[in-house]
Amino acid sequence: MSGVSIIGVGLHPFGRHVASGLEQGAIAARAAMHDAGISWSDVDYAFGGSDDAGRADTMVARLGLTGVPFINVANGCATGGSSLISAVNALEAGAADVAVVVGFDKHPKGAFDPSAEEYGLPEWYAATGLMLTTQFFGLKIQRYMHEHGISASTLAKVAAKAYRNGTLNPNAWRRNPYTEEQVLASTTLADPLTKLMFCSPAEGGAALVLCRSAIARRFTSRAVQLRSAALHSRPFGSFEVFSPWLSVERGDSPSVNAARSAFERAGVGPDDVHVAQLQDTESGAEVMHLAECGFCEHGEQERMIQDGETELTGRLPVNTDGGCLANGEPIGASGLRQVVEVVTQLRGAAGDRQVPGDPRVGFTHVYGAPGVSACTVLTR
Amino acid sequence: METGESTGRPVAPGVFEVRRDGPVLIGATCPSCGVTSFPVESSCPRCLSETMEPCDLPRSGVLWSWTTQGFPPKSPPFRGAASADSFEPYLVGYIDLGRVIVEARLVGVEPAAVRIGQAVELRLVPFPMSADDGSVDDVLIHAFAPVGAP
């Protein structure tokens, strides 16, 4: 179990804004410090990153030139999770008592347009139209539905839940509800996935204040314990985005390994979790990640979701803030947004979207290109 | 997109070769553990061997998964010459060739008729590719079509 606590959380609302990505990150960082009751001069170490919106460390010009060590983290969709793990390592190593982690982004409209070279792939792969994240998600869930009997209705229910939860979240971008029928009737982007089943690249900021657990009570009586944070890259045999080929010998995804590591280090299991945030780049991702993270067997999601078990009032509420579907995907911020939401739920401060029954154990999972996954277990 | 055999420049060297008896995809096999990659990789991601030997891949297989590309990809990196107005959605699949599962366009079939597990075979199809100077070159790309599709 890690010896690290979360004493402050902050967000800049997700969506489309005039402010620069960096400014949105700085606003989130200030909000987290305000929440923790500390100032920037109390911070011993900072980690942060964005994928598309510049260097996080330049934020010192806005937050104060205190000389604090500030390390930029760039790890694709796992940037937030990687910043968090870096801060945990610094705190556990004794390099800091108090650390800030911040993630932000500001992406242009439309699907991501990565270059092949950036991912170590031949130029023809992108030039001929095979290198799109949307295709990967369509291909993965198409196969998964074939193997495990997941229906299109279940995919639509995941999206309808996300938009419904988004209407209850003042920081969410998409705040209009859509029915299952509307989700299914929207344009097909990557069969079987429709437009309303996909999240969109967006903007936003998220930040955390962490400290060594031994001193948490100096700051607050409502600290949340970061029981574990684990990150894995892809193992051989996983089915990943941007793969010109797959092995016939199929294997686990990095999410399986990251979740297993996080639970082992935390000393709790999936059955103990009261609230979870799972990467939902599209509806199918949430379905598959439920099983990959150990919350059910493959195929069991069909019944779970049809029965409403992942709704706010269900046995395992998932993506209670609306997830990526309702918040959009600012890459650098998403992983930290999930942690902010779990902390808010464990504090009982989630307002209209508060999970009932006094939740005490939470879980987050972020996944992205080219096959990296980061998970946390949080308790109070 | 035509599904018949065409002549033209391959999209890139080393992806496929046109032999007397038809086109063939070029992969690589690990001499230590037998893993096969496509295209050619220089080392084995499974057993970490640092040599891989080029090999011909089977010309037919079964469809392992598929999806549609329903909107024009951003350009760059996409170099398809069609404008956003003339963009035609296309199909993409993973084809299980027995020793490796390869990603490719799927041609000669409508989305409603696609079935996981159906038998497909290699084709070369023309792809109008735009260059940085705006000129368009009809190159050949590899694709798979249902066995016997025109």
Heavy-atom distance under 4.5 Å to chain B: side chain of [X], backbone, both or neither?
| X | answer |
| --- | --- |
| A:Phe136 | neither |
| A:Arg250 | side chain |
| A:Leu132 | side chain |
| A:Thr188 | both |
| A:Ser243 | both |
| A:Pro235 | neither |

What residue, out of [options], has the most heavy-atom pairs lying under 4.5 Å from chain B?
| options | result |
| --- | --- |
| A:Met131, A:Glu249, A:Lys195 | A:Glu249 |
| A:Ser115, A:Pro192, A:Gly110, A:Gly237 | A:Gly110 |
| A:Leu246, A:Val248, A:Thr187 | A:Leu246 |
| A:Leu139, A:Asp113, A:Thr134 | A:Leu139 |
| A:Thr128, A:Leu193, A:Leu130 | A:Thr128 |

Quick one: what part of [X] sits under 4.5 Å from any heavy atom of chain A, side chain, backbone, both or neither?
| X | answer |
| --- | --- |
| B:Pro111 | neither |
| B:Val114 | neither |
| B:Thr36 | backbone |
| B:Val35 | side chain |
| B:Pro76 | backbone |

Between [Y] and [X], does any NZ, NE, NH1 or NH2 come within less than 4.0 Å of an OD or OE carboxylate oxygen?
| X | Y | result |
| --- | --- | --- |
| A:Glu329 | A:Lys106 | no |
| B:Asp56 | B:Arg19 | yes |
| A:Glu180 | A:Lys157 | yes |

Which residue out of [options] racks up the most heavy-atom pairs below 4.5 Å with chain A?
| options | answer |
| --- | --- |
| B:Ser65, B:Ser75, B:Gly70, B:Pro39 | B:Ser65 |
| B:Val92, B:Val102, B:Val11 | B:Val92 |
| B:Arg46, B:Gln69, B:Met129 | B:Arg46 |
| B:Ile116, B:Val100, B:Val15 | B:Ile116 |

Can you measure from CD (A:Gln24) to NE2 (A:His17) and round to the nearest 0.5 angstrom?
5.0 Å

Does CD in B:Glu50 sit with more than 12 non-hydrogen atoms of other residues, nucleotides or ligands closer than 6.0 Å?
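No - once you tally the heavy atoms of other residues, nucleotides and ligands closer than 6.0 Å, there are 12 at most.
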
Within a radius of less than 6.0 Å around CD of A:Glu117, do more than 12 heavy atoms belonging to other residues, nucleotides or ligands occur?
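Atom CD in A:Glu117 is not crowded, with 12 or fewer foreign heavy atoms closer than 6.0 Å.
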
Parallel, tilted or perpendicular: which describes the rings of A:His289 and A:Tyr367, with under 30° parallel and over 60° perpendicular?
tilted

Under a plain distance cut-off of 3.5 Å, with no hydrogens placed, do A:Ser82 and A:Thr79 share a side-chain donor-acceptor pair?
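Per modelled atom types, A:Thr79 and A:Ser82 side chains form no pair under 3.5 Å.
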
When you compare the side chains of A:Gln135 and A:Thr133, does any donor N or O come within less than 3.5 Å of an acceptor on the partner?
no

Taking salt bridge (charged side-chain N to carboxylate O under 4.0 Å, His left out) as the criterion, tell me which of A:Glu292, A:Glu147, A:Glu282, A:Glu240 meets it with A:Lys140.
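The residue from A:Glu292, A:Glu147, A:Glu282, A:Glu240 that satisfies salt bridge (charged side-chain N to carboxylate O under 4.0 Å, His left out) with A:Lys140 turns out to be A:Glu292.
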
Distance-only, no hydrogens or angles: does the A:Glu302 side chain make a donor-acceptor pair with backbone N or O of A:Thr154 under 3.5 Å?
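Looks like no, no N/O pair under 3.5 Å.
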
Over-ring placement of B:Arg105 relative to B:Tyr90, 6.0 Å and 45° cut-offs:
yes

